[in-house]
A.B. asks: 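Right, I'll just put the structure down here and ask away after.
Values in this document were obtained by computation on a predicted structure and should not be read as measured data.
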Amino acid sequence: MESLSSIRVRFAPSPTGYLHIGGARTALFNFLFARANGGKFLLRIEDTDLERSSEAMIQYILDGLNWLGISPDEPYVLQSENRGKHISAANKLLNEGKAYRCFCTKDELEIQREKAQSAGKVYRYSGACRSLSDEAIKENLAAKMPYTVRLKIPDGVIRFKDMVFKKISVNNSELDDFIILRSDGTPVYQLAVVVDDAEMGISHVIRGEDHLSNTPKQILLYLALELPVPQFAHLPLILGNDGKRLSKRFGATSVGEFQELGFIPEGVNNSLALLGWSPKSNQTIFTLEELTAQFDMSGISKKGAIFDFDKMKWINGQHLTCLPAENLFARVANAWLDKGFIEEKEIENRHDYLLRSIDLLKERVRLVNEFVTFGSWFFTDPADYDEEGVKKHWESSDSSLLLSRLLEKWQNLASFSEEMTERTLRQLADELEIKAARLIHSVRLAVTGFTVSPSLFAVLAHLGKETVIRRIRLALSFIKNNSGKQ
RNA sequence: GUCGCGUUCGUCUAGUGGUUAGGACUCAGGACUUUCAUUCCUGCAACAGGGGUUCGACUCCCCUACGCGAUACCA
């Protein structure tokens with residue numbers, strides 16, 4: 001067995017069909033802890049519930065981790081493949097008298113439980129089978145009576161130091177002799193985790209707070225099996241805005257959904273890290289590398305964190321502006337491709353144009369999808385114009401005059417550069433004794449269809465003379481038709 | 001019910017006996033800019049309640065309330 005001196009952590013999801021955001025955070029913290037301490041980050045699929053598990057579901061998890069950039073360092077382990085080891089561990093305990101066969105039936109136990117509950121008492125297994133005589137056991141076995149295996153819990157108190165929650169102590173009397181092997185011979189979760197974690201040489205178990213109260217049971221199992229007890233760190237839960245555990249009611253809860261919404265891994269990782277962890281400094285925007293460098297268990301909070309979608313978008317936007325356009329290229333180009341703005345071959349043919357487009361827009365968007373919603377004019381003439389904008393900029397009597405005058409000037413421009421368009425526009429404004437802003441707003445609306453855009457003159461130079469002229473003409477006829485209607 | 005854990009601005013949080021209780025998102029106002037969704041500045045806004053301990057408690061102790069989790073032949 002590996003010694004515990006080498007740091008090995010694991011993320012152990014059950015394959016439920018997608019990578020939950022809470023799971024992703026657990027994975028991230030495991031990953032960061034491993035990286036920060038020169039350890040290994042492993043993945044174990046808890047597929048004990050075989051009916052609910054499939055290859056495809058495992059793939060979702062792998063894809064999700066991969067997308068986030070936190071793939072495991074070794075091939076994943078399937079819990080179901082360790083079944084034999086779980087069973088022999090149970091047998092070992094049985095042989096050593098640390099566990100015993102329980103012949104009570106499910107129905108009997110159910111009745112006892114109900115009785116205790118209706119009497120307002122705490123139900124715990126009575127221990128009826130704990131001291132069955134060897135003869136009785138033999139008889140039952142001979143009679144082929146089904147049995148479960150239960151761990152014999154000694155008197156005492158379990159104390160452990162959680163890296164997040166600090167000292168925890170639970171009296172063993174709170175725990176009853178829990179089942180480790182079902183009557184069909186399959187191992188129960190508690191046994192499986194302990195055996196698997198030991199088998200994988202896990203040194204630190206980092207998982208959700210919902211496992212905190214399982215920990216004493218598991219420690220008892222480590223002790224009984226004479227396995228080294230790992231360190232534990234429990235992460236506070238991620239909650240929905242009603243303060244309860246995050247569930248499907250809250251919209252996006254899986255990594256895949258965030259991806260579809262237009263989040264990038266950098267943003268998701270950053271947001272997730274800040275849910276329950278805080279750095280020593282005031283820094284809020286982190287790359288994965290920076291997180292790795294600064295991650296520290298002491299920064300983990302004990303309080304459940306409510307998920308703030310607005311902040312998450314803001315963080316994502318920060319990454320979008322910081323990342324060089326080249327890094328965004330593939331994702332944004334794909335979004336444009338999906339939307340039909342461009343064709344496959346254009347990704348290469350018009351590479352520079354696309355890249356510059358991304359560069360112009362990236363400071364203003366928060367989600368990748370917004371490159372689509374606010375970027376249509378890179379590719380097509382505006383199909384319609386912002387209503388407010390039309391009212392504001394195109395409904396005065398001289399609207400078309402202004403645009404026509406500009407059109408005249410620009411048609412004759414030899415160089416349609418940023419400097420030239422700006423200079424000529426301002427000249428015209430002077431000539432007409434109006435504010436340059438009037439012309440600028442009017443042109444922006446004509447060229448993009450929106451009232452907001454990146455720096456107008458940069459936009460003009462980027463689109464080129466031909467397109468700009470065409471769009472101004474289009475706008476002119478729109479204004480004409482529109483005023484005719486009224 | 002019992003056990004465990006938690007409780008600082010609306011949200012994420014800093015704070016480890018003496019602070020004008022700090023930062024971030026959101027929101028509001030302002031500045032810059034041709035506009036803005038960018039950037040910058042300003043503002044709003046919090047120690048759950050009650051008892052102790054102490055010269056002095058957000059910080060330590062106890063109680064209450066509230067929340068979450070666990071109490072399965074689920075994981």
A.B. asks: Write down the distance separating the C1' atoms in G15(B) and U33(B), rounded off to the nearest Å.
C.D. replies: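 Result for the C1' pair: 39 Å, nearest Å.
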A.B. asks: When the P atoms of U13(B) and A48(B) are considered, how many whole Å apart are they?
C.D. replies: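 Looking at atom P only, U13(B) and A48(B) are 15 Å apart.
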A.B. asks: Taking atom types as they are modelled, would you say the side chain of N214(A) forms a donor-acceptor pair with the base of A75(B) within the 3.5 Å cutoff?
C.D. replies: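 Indeed, a donor on one side and an acceptor on the other fall under 3.5 Å apart.
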A.B. asks: Does the structure place the NZ or CZ of R101(A) under 6.0 Å from the centre of the six-membered ring of F103(A), at an angle of no more than 45° from the ring's axis?
C.D. replies: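 No.
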A.B. asks: When you measure from the side chain of I179(A), which nucleotide among C73(B), U13(B), A24(B) comes out closest?
C.D. replies: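 The nucleotide sitting nearest to the side chain is C73(B).
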A.B. asks: Nearest to the side chain of S213(A) - G4(B), C25(B), A70(B)?
C.D. replies: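 Nearest nucleotide to the side chain: A70(B).
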A.B. asks: Under 4.0 angstrom, heavy atoms only, what part of the nucleic acid is I315(A) near: base, sugar-phosphate, or nothing?
C.D. replies: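 Answer is nothing: I315(A) stays at 4.0 Å or more from every strand.
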A.B. asks: Give a yes/no verdict on a cation-pi contact between R150(A) and Y100(A), requiring under 6.0 Å between NZ or CZ and the six-membered ring centre and an angle within 45° of the axis.
C.D. replies: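 That pair does not qualify as a cation-pi contact.
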A.B. asks: Quick one: look up who U34(B) pairs with, Watson-Crick or G-U, both distances under 3.5 Å, and put none if it's unpaired.
C.D. replies: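 Result: none.
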A.B. asks: If you only use heavy atoms from C-beta on, which nucleotide in A24(B), U34(B), G4(B) is closest to the side chain of T284(A)?
C.D. replies: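 Selected nucleotide: A24(B).
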A.B. asks: Across the strands shown, which category fits F374(A) at heavy-atom distances under 4.0 angstrom: base, sugar-phosphate, nothing?
C.D. replies: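 Answer is base: heavy atoms of F374(A) come under 4.0 Å of a base.
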A.B. asks: Examine U26(B): is either OP1 or OP2 under 4.0 Å from a nitrogen or oxygen in the side chain of R366(A)? Give yes or no.
C.D. replies: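 Yes, R366(A) has a side-chain N/O under 4.0 Å of OP1/OP2 on U26(B).
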A.B. asks: Round to the nearest Å and state the distance from K313(A) atom NZ to U38(B) atom C1'.
C.D. replies: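 About 16 Å, once rounded to whole Å.
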A.B. asks: Quantified in whole Å, what is the C1' atom distance between nucleotide G51(B) and nucleotide C12(B)?
C.D. replies: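 Roughly 32 Å separates the two C1' atoms.
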A.B. asks: Provide the Watson-Crick or G-U wobble partner of A72(B), both distances under 3.5 Å; none if there is no partner.
C.D. replies: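 Check on A72(B): unpaired, no WC or wobble geometry under 3.5 Å.
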A.B. asks: Thinking salt bridges, do E433(A) and R438(A) make one under a 4.0 Å N-O criterion?
C.D. replies: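 No, E433(A) and R438(A) are not salt-bridged.
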A.B. asks: When the P atoms of U19(B) and A57(B) are considered, how many whole Å apart are they?
C.D. replies: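 The answer is 11 Å between these two P atoms.
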A.B. asks: Once you apply a heavy-atom cut-off of 4.0 Å, does S453(A) come out as touching a base, just sugar-phosphate, or nothing?
C.D. replies: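 Counting heavy atoms under 4.0 Å across all strands, the contact made by S453(A) includes a base.
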A.B. asks: For the pair E370(A) (side chain) and R366(A) (backbone), establish whether a donor and an acceptor sit closer than 3.5 Å, ignoring hydrogens and angles.
C.D. replies: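 Present.
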A.B. asks: For L274(A) and U11(B), what is the distance between atoms CG and P respectively, to the nearest whole Å?
C.D. replies: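 The distance from CG of L274(A) to P of U11(B) comes to 17 Å, rounded to the nearest Å.
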A.B. asks: With both distances kept under 3.5 Å, what pairs with C25(B), Watson-Crick or G-U wobble?
C.D. replies: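 Pair assignment: C25(B) / G10(B).
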A.B. asks: Starting from C1' on A37(B), measure out to CG on L360(A) and report it in whole angstrom.
C.D. replies: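 Whole-Å distance recorded here is 15 Å.
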A.B. asks: So S278(A), base contact, sugar-phosphate only, or nothing? Heavy-atom distance under 4.0 Å.
C.D. replies: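 Sugar-phosphate, no base atom in range.
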A.B. asks: Got a salt bridge between D381(A) and R471(A), using NZ or NE/NH1/NH2 to carboxylate O under 4.0 Å?
C.D. replies: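 A salt bridge is present here (some side-chain N lies under 4.0 Å from a carboxylate O).
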A.B. asks: Nearest 0.5 angstrom please: R25(A) CZ to L68(A) CG, how far?
C.D. replies: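 So the CZ of R25(A) and the CG of L68(A) are separated by 13.5 Å.
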A.B. asks: Under a 3.5 Å cut-off for both contacts, is G67(B) paired Watson-Crick or G-U wobble with anything, and if yes, with which nucleotide?
C.D. replies: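 For G67(B), the partner nucleotide comes out as C5(B), under the 3.5 Å rule.
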A.B. asks: Under 4.0 Å, counting only non-hydrogen atoms across every strand here, what does A305(A) touch: a base, just sugar-phosphate, or nothing?
C.D. replies: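 Sugar-phosphate contact only - A305(A) comes under 4.0 Å of backbone atoms but never of a base.
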A.B. asks: Answer with base, sugar-phosphate or nothing: what part of the nucleic acid does Q318(A) contact at a heavy-atom distance below 4.0 Å?
C.D. replies: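 Sugar-phosphate, no base atom in range.
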A.B. asks: U34(B), OP1 or OP2 - any side-chain N/O from R426(A) closer than 4.0 Å?
C.D. replies: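 True: R426(A) side-chain N/O within range (under 4.0 Å) of U34(B) OP1/OP2.
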A.B. asks: Quick check for you: among C73(B), U35(B), A75(B), whose closest atom lies nearest to any side-chain atom of R150(A)?
C.D. replies: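 The answer is C73(B).
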A.B. asks: Contact class for F165(A) (heavy atom, under 4.0 Å): base, sugar-phosphate, or nothing?
C.D. replies: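 Sugar-phosphate: the residue F165(A), judged by heavy atoms under 4.0 Å, touches backbone atoms but no base.
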A.B. asks: Can you tell me, in whole Å, how much space there is between the C1' of U54(B) and that of G43(B)?
C.D. replies: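 Taking atom C1' in both U54(B) and G43(B), they lie 37 Å apart.
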A.B. asks: Pick base, sugar-phosphate or nothing for T186(A), based on heavy-atom distances below 4.0 Å to the nucleic acid.
C.D. replies: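 Result for T186(A) = nothing.
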A.B. asks: May I ask you to say what G276(A) touches in the nucleic acid, namely base, sugar-phosphate or nothing, with a heavy-atom cut-off under 4.0 Å?
C.D. replies: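 The answer is sugar-phosphate, as G276(A) gets under 4.0 Å only of primed atoms, P, OP1 or OP2.
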A.B. asks: Tell me what H211(A) touches on the nucleic acid: a base, only sugar-phosphate, or nothing, going by heavy atoms under 4.0 Å.
C.D. replies: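 If one applies the 4.0 Å heavy-atom cut-off, H211(A) turns out to touch a base.
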A.B. asks: Base, sugar-phosphate alone, or nothing: which one does E422(A) contact when heavy atoms must sit under 4.0 Å apart?
C.D. replies: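 E422(A): no heavy atom of the nucleic acid under 4.0 Å.
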A.B. asks: Expressed in angstrom and rounded to an integer, what is the separation of K280(A) atom NZ from U16(B) atom C1'?
C.D. replies: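 For the pair K280(A) NZ and U16(B) C1', the rounded distance is 13 Å.
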A.B. asks: Under the 6.0 Å and 45° cation-pi test, does K217(A) pair with F178(A)?
C.D. replies: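 Output yes; distance and angle both within limits.
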A.B. asks: Could you state the CZ-C1' distance from F307(A) to C12(B), rounded to the nearest angstrom?
C.D. replies: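 One finds 12 Å between C1' of C12(B) and CZ of F307(A), rounded.
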A.B. asks: Do T321(A) side-chain and U38(B) base share a donor-acceptor contact under 3.5 Å?
C.D. replies: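 When only heavy-atom distances are counted, T321(A) does not reach the base of U38(B) through any donor-acceptor pair under 3.5 Å.
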A.B. asks: Select base, sugar-phosphate, or nothing to describe what K303(A) touches, counting heavy atoms under 4.0 Å on all strands.
C.D. replies: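 If one applies the 4.0 Å heavy-atom cut-off, K303(A) turns out to touch the sugar-phosphate alone, with no base involved.
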A.B. asks: Would you measure the distance from the C1' atom in G49(B) across to the matching atom in G4(B) and give it in whole Å?
C.D. replies: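 Each nucleotide's C1' atom is 23 Å from the other's.
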A.B. asks: Taking atom types as they are modelled, is there a donor-acceptor pair under 3.5 Å from the base of C5(B) to the side chain of K302(A)?
C.D. replies: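 No, no donor-acceptor pair under 3.5 Å.
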A.B. asks: So, R124(A) and E174(A), do they make that salt bridge, N to O below 4.0 Å?
C.D. replies: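 So R124(A) pairs with E174(A) through a salt bridge.
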A.B. asks: How are the rings of H234(A) and F232(A) set relative to one another: parallel (under 30°), tilted (30 to 60°) or perpendicular (over 60°)?
C.D. replies: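 Ring orientation of H234(A) relative to F232(A): parallel.
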A.B. asks: Taking the same atom, P, in C60(B) and in A14(B), what whole-Å distance lies between them?
C.D. replies: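 So the two P atoms sit 14 Å from each other.
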A.B. asks: Under a 3.5 Å cut-off for both distances, is G18(B) Watson-Crick or wobble paired, and to whom?
C.D. replies: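 Checking every strand shown, G18(B) finds its partner in C55(B), with both distances under 3.5 Å.
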A.B. asks: R438(A) near the nucleic acid: base, sugar-phosphate alone, or nothing, with a heavy-atom cut-off under 4.0 Å?
C.D. replies: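 Touches nothing.
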A.B. asks: Is R113(A) near enough to C73(B) that one of its side-chain N or O atoms lies under 4.0 angstrom from OP1 or OP2?
C.D. replies: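 Yes, within the criterion.
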A.B. asks: Taking CG from L181(A) and P from C73(B), how many angstroms apart are they, rounded to a whole number?
C.D. replies: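 Taking CG of L181(A) and P of C73(B), I get 13 Å after rounding.
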A.B. asks: So what does L456(A) hit on the nucleic acid, given a heavy-atom distance under 4.0 Å: a base, only sugar-phosphate, or nothing?
C.D. replies: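 Contact class for L456(A): base.
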A.B. asks: If I pick the P atom on U59(B) and the same atom on G50(B), what distance separates them, to the nearest angstrom?
C.D. replies: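 To the nearest whole Å, 12 Å.
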